[in-house]
Amino acid sequence: MTEMPNPSFFARSALEVAPDLIGFEITLGGAGGIIVETEAYLPDDPASHSFRGPSQRNASMFGPPATSYVYLIYGMHWCLNAVCLPGSAVLIRALEPTSGIDEMMARRGRPDVRQLCSGPGKLAQALGISGEHDGLALLSPPFSLRQGRTGLPLATGPRIGITRASDLPWRFGAAGSPYLSRRFHPEAKISPGGRIG
DNA sequence: GGGGAGATTATCT
DNA sequence: GATAATCTCCCCG
């Protein structure tokens, strides 16, 4: 029950992996938590960094599945992705903090647990993620990924903060979790631990 | 508790 | 030179 996922877990469309990652626990150097929010980015997706093909920044997105893709946004925030099939990735958007909480609070400079990992930039800062963590294997130290919780009620909605393809409901999360970057609309709830379609 | 401004820089046009 | 998968602070009500 607390096993690492098989590498083939990530050798699928990001659209399948993104909802399946909800409930997994990810840590870096012992700090991290339960994944409660993700977004999918695909190769033919205008909002994806891979849309115009490989480049220096997005090289990791074309590497093997289960690789990290870390990039800097707005000149100051790092974001962590899990690479799936080539050119696709899942943005890890929010965690429910479970381990290394004191350490994460120190990195964030805030005592509020709800503000530790409730956003892609926040969780990267809390876990100490930066450019040096780009292109690493997510299933090997210093990262760890394991099944945490099962049966979480799943919600979907439009992705956040993008200008292109902003209507697609490719954001996934644990409905009602207090650790989301933003709430989902109530009717966006899918099914307890269910699959997407 | 919601809306808006500003921060700050790698990457690509 | 414009853009960007964000966050925080400040103001308003």
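Throughout, a chain's letter reflects where its sequence line sits, starting with A, and its residues are numbered from 1.
- We find that CZ of Phe51(A) is positioned 17 Å from C1' of dT11(B), with the value rounded to whole Å.
- Salt bridge present: Asp20(A) and Arg12(A) bring a charged side-chain N and a carboxylate O closer than 4.0 Å.
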- Query: Are His133(A) and Trp78(A) close enough, and set up right, to give a side-chain contact (heavy atoms from CB on, under 4.5 Å), and what steps lead you there?
  - Reply: CA-CA 10 Å; His133(A) 299 103; Trp78(A) 295 99; over 6 Å; no
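- Distance from the side chain of Met76(A) is smallest to dA7(B) among dT6(C), dA7(B), dA10(B).
- If you take CZ of Phe172(A) and P of dA5(C), they are 18 Å apart, rounded to a whole angstrom.
- Across the strands present, dG2(B) finds its partner in dC11(C); the criterion is a Watson-Crick or G-U wobble pair with both atom distances under 3.5 angstrom.
- Residue Arg159(A) is out of contact with every strand shown, counting any heavy-atom pair closer than 4.0 Å.
- Mapping Gly119(A) and Arg164(A) onto DNA chain C by nearest heavy atom places Arg164(A) closer to the 5' end of the strand.
- Between dA5(C), dT11(B), dT13(B), one nucleotide has an atom nearer to the side chain of Arg52(A) than all others, and that is dT13(B).
- Here dT8(C) presents its P atom at 10 Å from CG of Asp112(A), a figure rounded to the nearest Å.
- At the heavy-atom level, Arg171(A) lies nowhere under 4.0 Å from the strands shown.
- Across all strands shown, Arg182(A) has no heavy atoms under 4.0 Å from either base or sugar-phosphate atoms.
- The base of dA10(B) is not paired with the side chain of Tyr71(A) by any donor and acceptor separated by under 3.5 Å.
- Between Ile73(A) atom CD1 and dC12(B) atom C1' there is a gap of 13 Å when expressed in whole angstrom units.
- Within the shown strands, nothing qualifies as a pairing partner of dA5(C) under the Watson-Crick or G-U definition with both distances less than 3.5 Å.
- You'll find the ring centres of Tyr41(A) and Tyr69(A) outside the 6.0 Å limit.
- Regarding Trp78(A), its CH2 atom lies at a distance of 16 Å from the C1' atom of dC7(C), rounded to whole Å.
- A stacking contact between Tyr74(A) and dA4(C) is absent: the pair does not combine a ring-centre distance of less than 5.5 Å to the base's six-membered ring with planes differing by less than 30°.
- Using a cut-off of 4.0 Å between Lys/Arg side-chain N and Asp/Glu carboxylate O, Asp45(A) and Arg159(A) are scored as salt-bridged.
- The distance from atom CZ of Arg114(A) to atom P of dT8(C) is 16 Å, rounded to the nearest whole Å.
- Heavy atoms of Gln56(A) sit under 4.0 angstrom from primed sugar atoms or phosphate atoms, though from no base atom.
- OP1 or OP2 of dT3(C) has not a single side-chain nitrogen or oxygen of Thr163(A) nearer than 4.0 Å.
- Using a 4.0 Å heavy-atom criterion, one finds that Gly75(A) contacts the bases of the nucleic acid, with or without backbone contacts as well.
- Atom CG of Asn58(A) is separated from atom P of dT13(B) by 11 Å (rounded to the nearest Å).
- The main-chain N or O of Ile160(A) is found under 3.5 Å from a side-chain atom of Glu39(A) such that the two form a donor-acceptor pair.
- Within the nucleic acid shown, Ser181(A) has no heavy atom closer than 4.0 Å to any nucleic acid atom.
- With respect to Arg182(A) and Glu37(A), no salt bridge is recorded, no charged nitrogen being found less than 4.0 Å from a carboxylate O.
- An OP1 or OP2 oxygen of dC7(C) is reached within less than 4.0 angstrom by no side-chain nitrogen or oxygen of Arg110(A).
- Residue Leu72(A) has its side chain nearest to dA10(B) when only dA5(C), dA10(B), dC9(C) are considered.
- Side-chain proximity of His77(A) to the nucleotides dC12(B), dT6(C), dC9(C) is greatest for dT6(C).
- What separates NE2 of His49(A) from P of dA4(C) is a distance of 9 Å, to the nearest Å.
- In this structure, Ile162(A) reaches the sugar-phosphate backbone alone: every heavy-atom distance under 4.0 Å involves primed, P, OP1 or OP2 atoms, never a base.
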